[in-house]
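See structure below.
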Amino acid sequence: MTNQTAKVNKMKEERTYRDDVFDVTRLIPAGRATTYGHIADYLALGSARMVGWALNKSFDTGYTIPAHRVVNRKGELSGRAHFSPPSLMQEKLEAEGIKVVDDKIVDFKNVLWIPADELHF
DNA sequence: GTGATGACGCAGT
DNA sequence: GACTGCGCCATCA
């Protein structure tokens, strides 16, 4: 067991705001997308940066979550650089029926999924 | 302990 | 509508 694995196990034991972010992200239905701000608002994180930070660490923790369905408020794939290859994010979105042009979701408001509204919380 | 950084958002111009 | 500056909070060097 590597230090990395031990670190992951520790993170799995302790439930932090990251787990909440992962949980909400997994609830996003295929073909839809949401924003960092809406997730931050739904979880009352106080800052959208925390959501992006949590998703960034999600790769390190080994969690497999549809992070490609989370974009910034303009519908831009601002997190694509953290995928390997970066084009993977767009490919996954297009595979789910979401059209992406110039690293931006086409008709974003139509595919926007708001947790606070959809989950009736 | 302190300063810098980050997959962002909002208000002001 | 586009650009800039500031705030947000956790993590890392």
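Below, chain A is the first sequence line, B the second, and so on; all start at residue 1.
Contact annotation for A:L77: no contact, since no heavy-atom pair falls under 4.0 Å across all strands.
Considering only heavy atoms from C-beta on, A:T34 stays 4.5 Å or farther from A:Y42 through its side chain.
With respect to A:E96 and A:R32, no salt bridge is recorded, no charged nitrogen being found less than 4.0 Å from a carboxylate O. Taking the charged nitrogens against the carboxylate oxygens, A:R80 and A:D103 do have a contact shorter than 4.0 Å, which makes a salt bridge.
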Checklist outcome for this item: A correct 5'-to-3' footprint of nucleotides 7-13 of chain B, with B, S and - meaning base, sugar-phosphate only and no protein heavy atom under 4.0 Å, is BBSS---
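Applying the ring pair (Phe, Tyr, Trp, His ring centres under 6.0 Å) test to A:F108 and every residue at least two apart in sequence or in another chain returns nothing. Residues satisfying the salt bridge (Lys or Arg N to Asp or Glu O under 4.0 Å) criterion with A:K109, sequence neighbours excluded, are absent altogether.
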